[in-house]
Structures are given as structure tokens and as C-alpha cells.
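A short write-up of the structure that comes next.
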Amino acid sequence: MSLVLFGPPGAGKGTQSSLMLESSSMVHVSTGQMVRDAIQNKTPLGIEAQSYVDAGKLVPDSVVIGLIRELLDKNKTVNFIFDGFPRTLPQAEALEQQIIDVTAQPIHKALFLEVPQQMLLERLTGRRVCKNCAATYHVQSTPTKVEAVCDKCGGEVYQRKDDAPEAIETRLEAYEKSTAPLKEFYQKKGLFVSVDGVGNSKDVFERLRPYLK
Ligand code: AMP
């Protein structure tokens, strides 16, 4: 059973994916993390993607679709959580085809995390991430115990470049233009589920839990 978790930037996709993984044996697929790893490792793909990511723009479909194809071919499983993928209609169409090719099973549900815009801005501007283990914090609601040091692994905690105000604006625009139309795409297929993404992460997770079965 594979699930798509989607929503605007700051909706909590990464946090909820982590909680979902604690309660299931699914494989987490985060294109954002894959792209950040490629940038950190200075691979050709990372070098190509960096300027898009830093500016808050979407990386070209061909790059992301290629990454997913490689990953699906390597992982012999049928249980994936797609976090931040698809983000455009061509990506959704490619995923539909690839997932059948590789796992012989269609996407089970597309879970949309619904969060008001003002809250997205608060979450994104205060977000801090561990460079080492990708644990996420918020300067007000969930700060690290020691400033800029990850509670979990001691790694350096920093603000992503694309969480700067100018990049956030671009990301929200890209979401409205390219990703929001996926709601209708999945509605037409009878896969769309809207989940209230407001509240603490454990409460939001309880709303998602029924779809893990
Ligand atoms: P995220 O961590 O999911 O917020 O993704 C961070 C950044 O990676 C995005 O702002 C895009 O630049 C890039 N990215 C991640 N996933 C995709 C995708 N499916 N399509 C295009 N760009 C993506």
C-alpha cells in the first residue's frame, strides 16, 4: 500500500511522515531530502538543483521523476510514503505509471494536509533543521535544548535557505500554481482525503493513522 502525503510548504509533511514511519513498515520517499542530500554531496544533480531550491522554485520535473524512478527500481517494496512528491501534474502522472510498473499496485490514498496560510508562514519562518539527521525544530514551539545543537544527534541545527522570507513567497506561489491542482487530480480518481493539519503533531497524526491500515 503506497500513500501520497501532500500539501503546501510548512503543512507538516516531513513531521507526519516521521510519525507514520514509527507506526508502519513503509519506506519514506522525500524528494526534498533527496535533493538536499544531492546538494550537500555536490553530485551533478545537486549542482543543477541548488539554484532552484535556494530560490524556492520547483526543480524540473525530469530531474525529480528520474530520481523517483531510480529509487523505485532499487527498493523492492510495495509500501511507500511519498512526501513532497508529486508536486506537479506531470509528476503525478509519472508516479501513477511507475508505481504500477514497479509494485503492481496503485496509489492507495492521497492525503492532503490542510493548514491556513498565516500558520504556514509562522511555521516556515521559525523552522530549524538538523544538518546531520534532518530532525526539525521550531524556534518558539519546539526549540532545541541548546541553541543550534540537535537534541537527538548533537548535529548543527540551521535555517534552510529556502525558509528565508523571499524564498517562502516563491514556494507558496509555486504551490498554488503547480501543486494545488493535484487536489482535483486525486479527487477525480477517488483517492483524495483532506486532513486537518492544525494542532500539535501527535493530534494531526491521529487523524492520519486510520489510513495506515
Ligand atoms: P521540501 O523539503 O519538500 O519542502 O522540498 C524542498 C525543495 O526541494 C522544494 O522547494 C523544491 O525546490 C525541491 N523539491 C522537492 N520535491 C520536489 C518535487 N517533487 N518537484 C520539484 N521540486 C521539488
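Whatever order the structure lists them in is the order used to number ligands and atoms, beginning at 1.
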Mode of L58 contact toward ligand 1 - side chain, backbone, both, neither (heavy atoms, under 4.0 Å): both
Salt bridge (charged side-chain N to carboxylate O under 4.0 Å, His left out) assessment of K188 paired with E184: CA-CA 6 Å; K188 282 190 182 147; E184 200 186 331; 3.3 Å; yes
Shortest non-hydrogen contact between L21 and V27, atoms and distance: CD2-C, 4.5 Å
Side chain, backbone, both or neither: D83 near ligand 1, heavy atoms under 4.0 Å: neither
M34 heavy atom under 4.0 Å from ligand 1: no
Residue part near ligand 1, for Q91, under 4.0 Å between non-hydrogen atoms: side chain
Geometric N/O contact G84 with ligand 1, under 3.5 angstrom: yes
Over 12 non-hydrogen atoms of neighbours within 6.0 angstrom of CD in E169: no
NZ/K57: more than 12 non-hydrogen atoms of other groups inside 6.0 Å: no
Residue and atom name of the nearest protein heavy atom (relative to atom 11 (C) of ligand 1), distance in Å to one decimal: K57 O, 3.5 Å
Euclidean distance, L89 CG relative to F185 CZ, rounded to 0.5 Å: 7.0 Å
Atom 14 (N) of ligand 1 - nearest protein heavy atom and its distance: R87 NH1, 4.1 Å
Cation-aromatic face contact K131/Y158, 6.0 Å, 45 degrees: yes
Identity and separation of the nearest protein heavy atom to atom 16 (N) of ligand 1: T31 OG1, 2.8 Å
R127, portion touching ligand 1 at heavy-atom distance under 4.0 Å: neither
Separation between OG1 of T15 and CZ of R127, rounded to the nearest 0.5 Å: 8.0 Å
Numbered atoms of ligand 1 (with element) below 4.0 Å of R160, judged on heavy atoms: 1 (P), 2 (O), 4 (O), 6 (C)
Identity and distance of the protein heavy atom lying nearest atom 13 (C) of ligand 1: V59 CG2, 3.9 Å
Close approach of R36 to ligand 1, heavy atoms, under 4.0 angstrom: yes
L3 CG to K109 NZ distance, which is reported to the nearest 0.5 Å: 9.5 Å
Minimum non-hydrogen distance to atom 8 (O) of ligand 1, winning option of G32, G56, A11: G32
For the student: nearest non-hydrogen atoms of L121 and I168, plus distance: CD2-CG2, 3.7 Å
